[in-house]
Number of protein chains: 2
Amino acid sequence: MSTIRDVAKLAGVSVATVSRVINQKGYISKDTEKKIKACMAKLQYSPSSVARGLAGKKTDTIALLIPDITNPFFPEIARAVEDTASSYGITTLLGNCDENGVKELRYLDILKKRYVDGIIFAEHGLTWNEIHGILGSGMPIVSLDRAALSEEVSSVRVNHYQGAVLAVEHLLSIGCRRIAHISGPNHLITSANRNRGYTDTLRNAGCFDPDLVYEGDFSMECGMRVTEQLLKENEGVDGIFTSNDLMAVGALKTLIRSGVKVPEDVALIGFDGISMTQMVEPEISTIAQPIYEIGKQAVFQLIHQIEDRHELPEMTPRVLETKLIQRATTTRF
Amino acid sequence: MSTIRDVAKLAGVSVATVSRVINQKGYISKDTEKKIKACMAKLQYSPSSVARGLAGKKTDTIALLIPDITNPFFPEIARAVEDTASSYGITTLLGNCDENGVKELRYLDILKKRYVDGIIFAEHGLTWNEIHGILGSGMPIVSLDRAALSEEVSSVRVNHYQGAVLAVEHLLSIGCRRIAHISGPNHLITSANRNRGYTDTLRNAGCFDPDLVYEGDFSMECGMRVTEQLLKENEGVDGIFTSNDLMAVGALKTLIRSGVKVPEDVALIGFDGISMTQMVEPEISTIAQPIYEIGKQAVFQLIHQIEDRHELPEMTPRVLETKLIQRATTTRF
DNA sequence: TTGTATGCGTTATCAG
DNA sequence: CTGATAACGCATACAA
């Protein structure tokens, strides 16, 4: 690998001059610029982002930390983030934290020191101390989950509560009255908000029953297991709202295997809007998050923190809304 | 963020001494070591991997480049790689290339210069020139797809050919005679090998029909579309072997929607062994790759290139075999 | 056992 | 317009 010095030597100029043409900064004569560019090409030179990072420059690289790469929701987020970042010449590095605090910290340790220009968290298990540590280090961050939890850390906000309301109202509208809920981990704010939306709506309708709420962990296996338990422990459940799509897929499976007719006996609706809901039969109704928009806004917010000049399309950090997508599992004739 | 110099100052020693305790290298008195460690803790110091990389040291970080993060096979590979790497204290950075040569090169540009200690490619579109460029730069690489294509680049080898043979023999054994194949992109060696396995086996059995071979692109949509076309253009197809599981899921969907009974009318088998095959009803038979083992071997091979000393469990770079997993889509009674 | 000095590849500040 | 040279944070021969 050739360095900036090799180029300088070959071109018969100083490294400073080469650096200038690389960064399009300061004055350089057309002649030397052309000569230098030729030399760079000949040596197949490309600047080291590491050295560049050390020298305090931007690396044009951001990191996206996700909790579980095998949950398709996050790969879809990743694509959105990557797409957007890519269109600004920014490369995205992914870190899979595996719901594991230790790994999360390990990533941070690596990234904090100018490895990347900024970090996007899709759901994190950090303490406030740790977050302040990062913020203090000057590393721009954006969070995808702490909706409205604090003004201190930039985040893209999705109205999970309203999404859950949509889901439950939909189930009510097609005639369901005993509607169960398989929630996500209660310590996650997103999950908790969906839970509230469910509870409130059902209370208003006068058919809330705490026995019908089960805490899940967002995995498909859990969706299967809990649904089994749910069917065993309760009579007359005629609708299920799962806090994410993966659990809905699991639930659907158990329902079919148990000989329960979907949606005739039990209607089913998930949350997220991942494409897997369309891969199964019957296709699963869901509350779709604006996945692409989420990724896009996250990148916008991050870039804004990194530098204010970037001429970005008007930042609209409004709260993003979810959308009901009705499919076979909630369509009764 | 505190630097090594801050620690040195606080501890009243030189940076070299601090560096020694960080790297457990050279002699240091128990006393100063303890003192320095205390200072590091107090300052919440952790060394910058960037500077460390620049200074020619290992970064204990590797990169895994995957072609399509939304194909669940790769997240599963990623988990295996991460798991293994993690157990050796190595952090894995992911890059999603999106089947996009430009992005692939962009990642390489970033990674090449001592950003990471090594790179694992899960399927790449690099030319030999480009590969040599990386090799020449001293960056260790391991490839997951170029099975047996060259001795120059280290790779973990899976017997895709034999896997396809297994699949087709299985279909034959349950009575299928007109067996269609939806292949992957023909320019991918893995996909081509599976295709050969299919063709050879069917030829030997005397029932090969080139009209029943369709080229797909490994996506679910493609699985749906091609299956539709396949049903329209051919009579009496009684078995389908798709070159990966995602296409099998798509195929299954089309079959069910077309009122075709699976497996009574048409049996179906996929390839890869991703867990999604168990999420649908009926569950899909598949040729399972030893996903975890693949990731593990890739990491082992990479570490071996990075440094020879690491006491790794006996390296067994044997060819990995696939395994038939029979499920409902090929179980006739 | 510990300190000094130098280099890693770039950028940035000042002089020419 | 261009060239030295000092950072950036760390590792490492070489001294002490």
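Remember, it's a predicted structure, so these values are computed and weren't measured experimentally. In what follows, chains are A, B, ... by sequence order, proteins preceding strands, each numbered from 1.
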Five pairs at each end of the helix from dT1(C)-dA16(D) to dG16(C)-dC1(D): take the axis at both ends and give me the angle between them to 10°.
->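 Inter-axis angle at the termini of the helix from dT1(C)-dA16(D) to dG16(C)-dC1(D): 50°.
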
Can you name the side chain to side chain donor-acceptor pair (under 3.5 Å) partners of T3(A), sequence neighbours left out?
->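 T3(A) satisfies side chain to side chain donor-acceptor pair (under 3.5 Å) with no residue once adjacent residues are dropped.
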
Can you give one letter per nucleotide of nucleotides 7-16 of chain D, 5' to 3': B if a protein heavy atom sits under 4.0 Å from the base, S if only from the sugar-phosphate, - if neither?
-> -BBBBB----

Please confirm whether the backbone N or O of D68(B) pairs with a side-chain atom of E99(B), one donor and one acceptor, at under 3.5 Å?
->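 Here the side-chain-to-backbone pair does not exist.
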
Quick one, which residues of residues 29-38 of chain B touch DNA chain C with a heavy atom under 4.0 Å?
->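 Output list: S29(B), T32(B).
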
Excluding sequence neighbours, so at least two apart, what forms side chain to side chain contact (heavy atoms under 4.5 Å, CB included) with [X]?
X: K34(A); result: none
X: A298(B); result: I120(B), V142(B), L144(B), V156(B)
X: K296(A); result: T84(A), Y292(A), E293(A), F300(A)
X: D60(A); result: K58(A), D117(A)

Mind checking what makes ring pair (Phe, Tyr, Trp, His ring centres under 6.0 Å) contact with F121(B), not counting sequence neighbours?
->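 Expected list: H124(B).
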
Among all residues two or more places apart in sequence or in another chain, which pass the ring pair (Phe, Tyr, Trp, His ring centres under 6.0 Å) test with Y115(B)?
->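 Residues passing ring pair (Phe, Tyr, Trp, His ring centres under 6.0 Å) with Y115(B): Y115(A).
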
Given side-chain contact (heavy atoms from CB on, under 4.5 Å), test V299(A) with T92(A) step by step and report yes or no.
-> CA-CA 10 Å; V299(A) 174; T92(A) 307; over 6 Å; no

First and last nucleotide of DNA chain C, 5' to 3', lying under 4.0 Å from heavy atoms of chain B =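 Contact span on the strand: dT1(C) to dG9(C).
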
By salt bridge (charged side-chain N to carboxylate O under 4.0 Å, His left out) - contacts of K37(A) (at least two apart) |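 Listed in chain order: E33(A).
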
Can you find a heavy atom in the side chain of R79(B) that is under 4.5 Å from one in the side chain of D98(A)?
->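 Contact flag for R79(B)/D98(A) side chains = yes.
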
Given side chains that start at C-beta, do those of L188(A) and F218(A) come closer than 4.5 Å, heavy atoms only?
->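 Yes - at least one pair of side-chain heavy atoms lies under 4.5 Å apart.
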
Would you classify V13(B) as touching base, sugar-phosphate or nothing, given that sugar-phosphate means primed atoms plus P, OP1 and OP2, and contacts are heavy atoms under 4.0 Å?
->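 Result for V13(B) = sugar-phosphate.
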
